[in-house]
Enquirer: 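Following this message is one structure expressed as structure tokens.
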Amino acid sequence: MRKARSHSALDKAAVLAEALPYIRRFHSKVVVVKYGGAAMTDPALGALFAQDIVLMCTVGMRPVVVHGGGPQIGDLMARLGKVPEFRDGLRVTDAETLDIARMVLVGKVNRDIVSSINVHGPLAVGLSGEDAGLITATAHSAELGYVGDVESVNPGIIERLLAEELIPVVATIASDDAGQAYNINADVAAGAIAESLGAEKLVYLTDVDGLLRDVDDASSIVSTVGADELASMLASGSLSGGMIPKIASCLSAVRNGVGHAHILDGRVPHALLLEVFTREGVGTMVTT
């Protein structure tokens, strides 16, 4: 005689049933995920993130992970006795700091993310913007040294990996036409890559609940916002700090072919799955 089904089992079945139309809708669609914040620095959240990315790939989506690593760069600089300098929130990057950034982003952070995903199967491939001319950069300003802006994106290497049902993991070091390397803001790079791929979604994992109308009021979260309203908020100066490049990239993305952009709280376990596969979602969704 079979045991009666538990409420837990029924709840799990209901979740799977709710996810089905979203799995169908997003099958074969590209989703670019900018990975950062607590989700990157907390090992438990990092393991859940890897599971989420692999699940998305397994059900037929085509995830691309883009990451920075500012805190990790700062930690190594401190260990080497190098004092960081910032101007307008951007790290002044001399030749030595650039070497440190390349070591950390390409040699450490990228490898750690690839390894965490590949625990679940041989799926992830690590890249940087220098590989196969993925990102061409220009200097942001002479004052900041080797901090770069995205000049262009050649997504060919990513498209080839996606065609093989692999998961590209991109570190945001890029180079100019002469081969000089630059450190690129990962929020900006993720947006540019999403545009170049015509992605269905661009997702930012952050340490905030989403976009807030009032930064001092957590209950003022904006669940859905159109591009025009978002542009007005950006122009008004009501947004500040690290949210600005994310918002600017979201706005550019949805105006240049990306289906939707999302700002999610990466401190919430399985935030990616909640946003993509449930009716309610979490965080903020930017639409056209």
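As the structure is a prediction and not an experimental result, all values here were calculated from the model.
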Enquirer: Are the side chains of P168 and L162 in contact, using a 4.5 Å heavy-atom criterion?
Expert: yes

Enquirer: For D112 and S115, test the side chains for any donor-to-acceptor distance below 3.5 angstrom and give the result as yes or no.
Expert: no

Enquirer: Just so I know, are the side chains of I221 and T284 near enough to count as touching, which here means a heavy-atom distance under 4.5 Å?
Expert: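 Heavy-atom side-chain distance check passes, below 4.5 Å.
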
Enquirer: Just how far is it from atom CD of Q51 to atom CG of L272, taken to the nearest 0.5 Å?
Expert: 12.0 Å

Enquirer: What distance separates L234 CG from E229 CD, expressed to the nearest 0.5 Å?
Expert: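 These two atoms lie 12.5 Å from each other.
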
Enquirer: For the residue pair G68 and V109, what are the closest heavy atoms and their distance?
Expert: O-CG1, 3.8 Å

Enquirer: Would you call D75 and R79 a salt bridge, taking side-chain N to carboxylate O under 4.0 Å as the test?
Expert: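 No, D75 and R79 are not salt-bridged.
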
Enquirer: Whether the side chain of D207 engages the backbone of R267 through a donor-acceptor N/O pair (distance < 3.5 Å, no angle test) should be reported.
Expert: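 Here the side-chain-to-backbone pair does not exist.
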
Enquirer: Please verify the inter-ring angle class for Y22 with F26; under 30° counts as parallel, over 60° as perpendicular, anything in between as tilted.
Expert: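 Plane angle under 30°, so parallel.
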
Enquirer: Any idea which heavy atoms bring N183 and T172 closest together, and the distance?
Expert: OD1-O, 3.5 Å

Enquirer: Start with the C-alpha distance between I158 and V170, add both sets of side-chain angles, then the distance that settles side chain to side chain contact (heavy atoms under 4.5 Å, CB included), and finish with yes or no.
Expert: CA-CA 9 Å; I158 292 180; V170 183; 4.2 Å; yes

Enquirer: Please step through side chain to side chain contact (heavy atoms under 4.5 Å, CB included) for the pair E96 and L80, ending with a clear verdict.
Expert: CA-CA 11 Å; E96 184 180 11; L80 295 173; 5.6 Å; no

Enquirer: Do the non-hydrogen side-chain atoms of T224 and H260 ever get within less than 4.5 Å of each other?
Expert: no

Enquirer: In the structure I gave you, are the side-chain heavy atoms of I53 and I167 within less than 4.5 Å of one another anywhere?
Expert: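 Of all side-chain heavy-atom pairs linking I167 with I53, at least one is under 4.5 Å.
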
Enquirer: Less than 4.5 Å apart, side chain to side chain, heavy atoms only: is that true for V203 and E275?
Expert: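 Side-chain contact under 4.5 Å: no.
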
Enquirer: Looking only at heavy atoms, which two atoms of S249 and G191 are closest? And how far apart?
Expert: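 The pair with the smallest heavy-atom distance is CB-CA, 4.3 Å.
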
Enquirer: Working to the nearest 0.5 Å, report the span between CZ of R62 and CE of M56.
Expert: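 CE of M56 is found 12.5 Å from CZ of R62.
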
Enquirer: Locate the shortest heavy-atom distance separating R255 from A231; write the atom from each residue and the value.
Expert: NH2-CB, 3.9 Å

Enquirer: Applying side chain to side chain contact (heavy atoms under 4.5 Å, CB included), run through I263 and I247 and close with a yes or a no.
Expert: CA-CA 9 Å; I263 299 172; I247 294 300; 3.4 Å; yes

Enquirer: Can you name the closest pair of heavy atoms from L105 and H67 and give their distance?
Expert: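 Distance-wise, the nearest heavy atoms are O-CE1, 3.4 Å.
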
Enquirer: Do I100 and V106 sit in the same hydrophobic cluster, where Ile, Leu, Val, Met, Phe, Trp and Tyr count as joined when their side-chain heavy atoms come under 4.5 Å apart?
Expert: yes

Enquirer: I'd like to know if E130 and R102 make a salt bridge, using a cut-off of under 4.0 Å between side-chain N and carboxylate O.
Expert: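 The answer is yes: the pair qualifies as a salt bridge.
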
Enquirer: At their closest point, which heavy atom of V104 faces which heavy atom of G69, and how far apart are they?
Expert: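 It is CG1-O, 4.4 Å.
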
Enquirer: Same cluster or not: are V33 and M40 linked, directly or through other Ile, Leu, Val, Met, Phe, Trp or Tyr residues, by side-chain heavy atoms under 4.5 angstrom apart?
Expert: yes

Enquirer: Roughly how far, to the nearest 0.5 Å, is the CG atom of L55 from the CG atom of L48?
Expert: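 Reported value, rounded in 0.5 Å steps: 12.0 Å.
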
Enquirer: Do the side chains of I184 and I113 join up, straight or via other hydrophobic residues, at under 4.5 Å, putting them in one cluster?
Expert: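 Cluster IDs for I184 and I113 differ.
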
Enquirer: If only atom types and distance count, is the side chain of D149 paired as donor or acceptor with the main-chain N or O of T138 below 3.5 Å?
Expert: no

Enquirer: Report yes or no: do L98 and V147 belong to one cluster of Ile/Leu/Val/Met/Phe/Trp/Tyr joined by side chain heavy-atom distances under 4.5 Å?
Expert: no

Enquirer: Compare all side-chain heavy atoms of N154 with those of T136 and state whether any distance is below 4.5 angstrom.
Expert: no

Enquirer: I want to check something: taking the side chain as every heavy atom from C-beta on, are V258 and V32 in contact at a cut-off of under 4.5 Å?
Expert: no

Enquirer: Roughly how far, to the nearest 0.5 Å, is the CD1 atom of I73 from the CE atom of M77?
Expert: 8.5 Å

Enquirer: Quick one: CD1 on I135 to OH on Y182, what's the gap to the nearest 0.5 Å?
Expert: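 I135 atom CD1 to Y182 atom OH measures 14.5 Å (nearest 0.5 Å).
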
Enquirer: Taking NZ, NE, NH1 and NH2 as the nitrogens, is one of them in R87 or E143 under 4.0 Å from a carboxylate oxygen of the other?
Expert: no

Enquirer: Could you check if a side-chain atom of L161 sits within less than 4.5 angstrom of a side-chain atom of L127, using non-hydrogen atoms only?
Expert: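 Yes, side chains in contact.
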
Enquirer: Linking I/L/V/M/F/W/Y whenever their side-chain heavy atoms sit closer than 4.5 Å, directly or via other members, would V114 and L123 fall into one cluster?
Expert: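 Per the 4.5 Å side-chain linkage, V114 and L123 are co-clustered.
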
Enquirer: Is there a side chain to side chain contact (heavy atoms under 4.5 Å, CB included) between V225 and T287 once you walk through the steps?
Expert: CA-CA 6 Å; V225 62; T287 68; over 6 Å; no

Enquirer: Looking at T206 and L264, would you say the former's side chain and the latter's main chain have a donor-acceptor pair under 3.5 Å?
Expert: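 Yes: the side chain of T206 pairs with the backbone of L264.
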
